[in-house]
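Hydrogens, waters and symmetry mates are skipped; everything else that's a heavy atom, side chains included, is used.
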Amino acid sequence: MMEIFFETKDVFQLKDIEKIAPKEKGITSMSVKEILQSLVDDGMVDTDRIGTSNYFWAFPSKALHARKRKLEELESQFAESSQKKEALQKSIEKSKIGREDTAERAALIEELAALRQKKEQLKAEIDKYRECDPDVVEEMRQTNKVAKEAANRWTDNIFSIKSWAKRKFGFEESRIDKSFGIPEDLDYID
């Protein structure tokens, strides 16, 4: 399809291309419009609407300039990537300095491993004594206070319902306790 444009260096309407393409290049007439549209979408063929007609054209010089631009872009990316690679190689070499496998380095690595293990042991020991931490103890006291208030509130609710049931239905207190599984020694927590 592009050869039609490059060889003739002319401007075409869709109906002209639909006639020329099957004869000269063997492109099926049904697919000419789709191929042309995909070439327009890819920027390889230009199109413009003049009046009620659409005109299509593509000149070899434009394709050449597009290729040159793409080539320059790729070359600049390549140069940039090469510079990054060199910088990373230098960084690797710089990092290797002082990290040669020596007896001193091996001893320091062992010492580091031992210190890390000791740190973990000390953390575990601190966790064992966490219950004695004043902040944790105070937090537990606050939690206990809230739980105690909640328990007393529910106890008060139970006594209110028992009182209401005695007045409303005339049940004995022991019968209500037995029916609802309320312990006889239920009382407020001090």
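Using a 4.5 Å heavy-atom threshold, the side chains of Leu14 and Asn54 count as separate. When side chains are defined from C-beta on, Phe180 does not count as touching Ile158, because their heavy atoms never get closer than 4.5 Å. Using a 4.5 Å heavy-atom threshold, the side chains of Lys119 and Leu122 count as separate. Side-chain contact between Asn144 and Lys148 is absent, with no heavy atoms from C-beta onward closer than 4.5 Å. Glu138 is listed as a side-chain neighbour of Arg141, based on a closest heavy-atom distance under 4.5 Å.
Between the NZ atom of Lys118 and the CD atom of Glu111 there is a distance of 11.0 Å, given to the nearest 0.5 Å. Note: Lys85 NZ to Gln89 CD = 6.0 Å, rounded to the nearest 0.5 Å. The structure places CD of Glu75 at 12.0 Å from NZ of Lys68, a figure rounded to the nearest 0.5 Å. Rounded to the nearest 0.5 angstrom, Asp48 CG and Ser53 OG are separated by 11.5 Å. Between the CG atom in Leu39 and the CG atom in Asp46 there is a gap of 11.0 Å [rounded to 0.5 Å]. Rounding to the nearest 0.5 Å gives a distance of 13.0 Å between NZ of Lys90 and CD1 of Ile92.
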Query raised in the report: What do the steps show when you test Ile126 against Lys123 for side chain to side chain contact (heavy atoms under 4.5 Å, CB included), and what is the final call?
Result: CA-CA 5 Å; Ile126 286 173; Lys123 266 188 177 179; 5.6 Å; no
Query raised in the report: Hey, mind stepping through Val146 and Gln142 against side chain to side chain contact (heavy atoms under 4.5 Å, CB included) and telling me if it holds?
Result: CA-CA 6 Å; Val146 169; Gln142 291 298 322; 5.7 Å; no
Report task. Determine, stepwise, if the pair Gln37 / Glu34 fulfils side chain to side chain contact (heavy atoms under 4.5 Å, CB included). Result -> CA-CA 5 Å; Gln37 187 58 49; Glu34 293 173 18; 5.8 Å; no
Query raised in the report: Would Lys33 and Glu18 count as a salt bridge (charged side-chain N to carboxylate O under 4.0 Å, His left out) if you check the C-alpha gap in whole Å, the side-chain angles of each, and the deciding distance to 0.1 Å?
Result: CA-CA 7 Å; Lys33 188 174 182 178; Glu18 285 177 336; over 6 Å; no
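Side-chain rings of Phe56 and Phe5 stay apart, their centers remaining 6.0 Å or farther from each other. Ring pair Phe169/Trp164: centre-to-centre distance below 6.0 Å.
The two residues Asn152 and Ile189 make their nearest non-hydrogen contact at OD1-N, 2.7 Å. Nearest approach of Tyr55 to Gln13, heavy atoms of both residues: OH-NE2, 3.0 Å. When all heavy atoms of Ile182 and Leu186 are compared, the pair lying nearest together is CG2-CD2, 3.7 Å. Between Asp10 and Trp57, the shortest heavy-atom contact is O-CB, 4.0 Å.
A donor-acceptor distance shorter than 3.5 angstrom exists from the side chain of Ser160 to the backbone of Asp156, with no hydrogens or angles considered. For the pair Ser163 (side chain) and Phe159 (backbone), a donor-acceptor distance under 3.5 Å is absent.
No more than 12 heavy-atom neighbours from other residues, nucleotides or ligands sit within 6.0 angstrom of CD on Glu3. For Glu73, the CD atom is densely surrounded, since the number of other residues' heavy atoms within 6.0 Å is greater than 12. Within a 6.0 Å sphere centred on CD of Glu139, other residues, nucleotides and ligands contribute 12 heavy atoms or fewer.
When each of Val40, Ile17, Ile27 is tested with Ile35 by the rule side-chain contact (heavy atoms from CB on, under 4.5 Å), just one qualifies, namely Ile27.
For the residue pair Ser179 / Arg175, no side-chain donor-acceptor distance below 3.5 Å is found, with atom types taken as modelled.
There is no path of hydrophobic side-chain contacts, each under 4.5 Å, that joins Ile176 to Ile161.
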